[in-house]
Colleague: 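Got a structure for you, questions after.
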Amino acid sequence: MDPDLDLPNLATCTTCRFKEDKSNYWTAVIYFKHPNGTYIRVPQIPNHFTGEAKGGMTVYYIQPPELTPVTAFRKGFRMITGDAMYRTPVHTDEKSGERWATSFRCWESTGPFDYSNSHAIGPGPFDSVNLPNRPCLGGIRSNTFFPSCWDGVNLDSPDHKSHVAFYKEVNPKMGLFLASGTCPDSHPVRIPSVFYETVWDTKPFNSMWPEDGSQPFVLSMGDPTGFGHHGDYLFGWEGDSLQRAMDKCTGIDGWPPNCTELTLQTDEEMDSCTLSPKVNEKVEGEYLPNLPGCNPLQEGPQSATLVPDCTAVSTTFSPAAATPAVEAANGAKPAAVTPAPAL
């Protein structure tokens, strides 16, 4: 996407709670692999305390606990965290931010204050860098942290990472949520800590767990390990709205109505923001013979590689009828599981 595009003015609506936020947020989708080899997309469901919108993810913009001033992103800013090609744990230093940047929480139950949701994000008995190796009775939440430090110059970099950095040292008992640290000299500017939580309703698939005990879930780029978990961020807030929010909305509760600097949307307004499909390819709602796109399973341990001579559908088109964006992009359909076809 061209960094010169004026996203807030190009966008006609947003599925975010704050009307001023026209940013783009992305993370890999989870598919269930049936024992017969077919795939179906795992539905997303609303996170705790986020209302009744159709799925989506929870996005946090976090200030440091001591409320050190942060500098909001500028037009054209973008970054990624994690690496789609990883198939083994690469960052093993428990004091590095990269070690805790991506993880999965295996919920034993669904209550917001239940034991399996009471630990720091990343460390603890219920989080893992890999996809959980046991059935999660309450579903799976993916956790995606972005760096908190910027070089102050570049809005992007060739690898989409080098212009940002994590803190010098992270408390391994606390991980990155509400972390406090020092930015490296090469990246001295403190930016908001962007963090995604995405809840996957894996509960309907627990009864189909493979008899050999192997975990059956796959990230959409062909990763059955989870080590390739990653996220993309493209800034698109209106005017100075994000900077005003960072300066004045400093409550630890993170409750949207308490940030009076910004304009709230209802669940209905969020769900009414729609986008028609742009690629004529079936990606959800039924079992598929292969993952969408050119994404064969690459189990590792060597890093994944791009598929040469891809023959997947890539031509964009304009269908006659629109599909709700929150369903097409966020997989928010009810968690009904239809029988897999016999192959």
Side-chain angles (χ1 to χ4, degrees), residues 1 5-27 29 41-63 72-73 75 77-78 110 112 139 141-142 144 146 192 194-201 231-279 283-285 318-336:
M1 186 179 291
L5 291 176
D6 188 356
L7 297 186
N9 287 323
L10 285 173
T12 58
C13 61
T14 178
T15 58
C16 296
R17 181 64 67 189
F18 294 121
K19 190 173 183 179
E20 293 85 351
D21 185 5
K22 308 299 197 307
S23 301
N24 286 198
Y25 306 97
W26 185 92
T27 190
V29 168
R41 180 173 176 161
V42 177
Q44 289 165 249
I45 53 177
N47 203 353
H48 300 127
F49 308 118
T50 59
E52 298 299 326
K54 297 179 180 178
M57 63 172 65
T58 308
V59 180
Y60 299 77
Y61 286 77
I62 307 171
Q63 301 103 326
F73 309 109
K75 176 186 172 183
F77 183 91
R78 59 192 65 193
T110 59
R141 188 188 72 203
S142 59
T144 315
F146 289 79
V194 177
F195 170 51
Y196 304 166
E197 287 182 332
T198 312
V199 182
W200 305 96
D201 191 8
D232 300 9
Y233 174 78
L234 178 60
F235 172 73
W237 285 74
E238 296 177 357
D240 66 346
S241 56
L242 180 58
Q243 186 65 63
R244 288 188 284 106
M246 291 292 97
D247 292 343
K248 298 182 180 181
C249 302
T250 57
I252 192 66
D253 54 56
W255 188 240
N258 290 342
C259 185
T260 57
E261 287 293 318
L262 301 175
T263 308
L264 291 176
Q265 294 198 114
T266 64
D267 291 343
E268 292 73 22
E269 288 174 313
M270 294 162 64
D271 288 344
S272 70
C273 186
T274 61
L275 179 68
S276 60
K278 299 300 180 184
V279 177
V283 299
E284 63 181 346
S318 298
T323 301
V326 290
E327 292 186 3
N330 296 336
K333 296 181 179 179

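The model shown is predicted, which means the values in this text are computed figures rather than measured ones. If you read the sequence from its start, that first residue is 1, and numbering goes on from there.
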Colleague: Working to the nearest 0.5 angstrom, can you tell me the gap between I45 CD1 and E52 CD?
Modeller: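 So the gap between those two atoms works out to 10.5 Å.
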Colleague: Once rounded to the nearest 0.5 Å, what's the spacing between atom CD of E20 and atom SG of C259?
Modeller: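 The CD atom of E20 sits 8.5 Å away from the SG atom of C259.
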Colleague: Determine, step by step, whether L7 and F235 satisfy the side chain to side chain contact (heavy atoms under 4.5 Å, CB included) criterion, reporting the C-alpha distance in whole Å, the side-chain angles of both residues, the deciding distance to 0.1 Å, and the verdict.
Modeller: CA-CA 8 Å; L7 297 186; F235 172 73; over 6 Å; no
Colleague: Starting at OG1 of T12, measure out to CG of N9 and round the result to the nearest 0.5 Å.
Modeller: 11.5 Å
Colleague: Carefully, step by step, assess S23 and F73 under the rule side chain to side chain contact (heavy atoms under 4.5 Å, CB included).
Modeller: CA-CA 11 Å; S23 301; F73 309 109; over 6 Å; no
Colleague: What is the distance from atom CG of D267 to atom OG1 of T50, rounded to the nearest 0.5 Å?
Modeller: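 The CG atom of D267 sits 8.0 Å away from the OG1 atom of T50.
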Colleague: Using the salt bridge (charged side-chain N to carboxylate O under 4.0 Å, His left out) rule, pick out the option among K19, K75, K22, R244 that qualifies with E238.
Modeller: K22
Colleague: Which heavy atom of T198 sits nearest a heavy atom of Q44, and at what distance?
Modeller: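 Closest approach of T198 to Q44: CG2-NE2, 3.3 Å.
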Colleague: For T27 and M57, which heavy atoms make the closest approach, and how far apart are they?
Modeller: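 Closest heavy-atom pair between T27 and M57: CG2-CE, 3.8 Å.
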Colleague: Between Y196 and W26, which heavy-atom pair has the shortest distance, and what is it?
Modeller: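 Smallest interatomic distance, heavy atoms only, reads CE1-O, 3.5 Å.
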Colleague: Could you please spell out the steps behind the side chain to side chain contact (heavy atoms under 4.5 Å, CB included) verdict for Y61 and F18?
Modeller: CA-CA 12 Å; Y61 286 77; F18 294 121; over 6 Å; no
Colleague: More than 12 heavy atoms of other residues, nucleotides or ligands under 6.0 Å from CG of L10: is that the case?
Modeller: yes
Colleague: Quick check on side-chain hydrogen bond (donor to acceptor under 3.5 Å, both in side chains): which of T144, T58, N47 does E197 satisfy it with?
Modeller: N47
Colleague: Determine the minimum heavy-atom distance between K278 and L275, stating which atoms define it.
Modeller: CE-CD1, 4.2 Å
Colleague: As an exercise, state the distance from CG of D232 to CZ of R78, rounded to the nearest 0.5 Å.
Modeller: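 Answer for the CG-CZ pair, D232 versus R78, is 10.0 Å.
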Colleague: Does any N or O in the side chain of Q243 come within less than 3.5 Å of the main-chain N or O of D240, such that one atom is a donor and the other an acceptor?
Modeller: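 No, Q243 side chain to D240 backbone: no donor-acceptor pair under 3.5 Å.
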Colleague: Please check if the distance between the ring centroids of F195 and F146 is under 6.0 Å.
Modeller: no
Colleague: Given 3.5 Å as the limit, does a donor-acceptor pair link the side chain of Q265 with the main chain of C16, or not?
Modeller: yes
Colleague: Show the nearest heavy-atom pair for residues L264 and P256, with the distance to one decimal.
Modeller: CD2-CB, 3.7 Å
Colleague: Quick one: closest heavy-atom pair of G236 and P8, and the distance?
Modeller: O-CG, 3.2 Å
Colleague: Go through the steps to decide whether S241 and L262 satisfy the test side chain to side chain contact (heavy atoms under 4.5 Å, CB included), and finish with yes or no.
Modeller: CA-CA 7 Å; S241 56; L262 301 175; 3.9 Å; yes
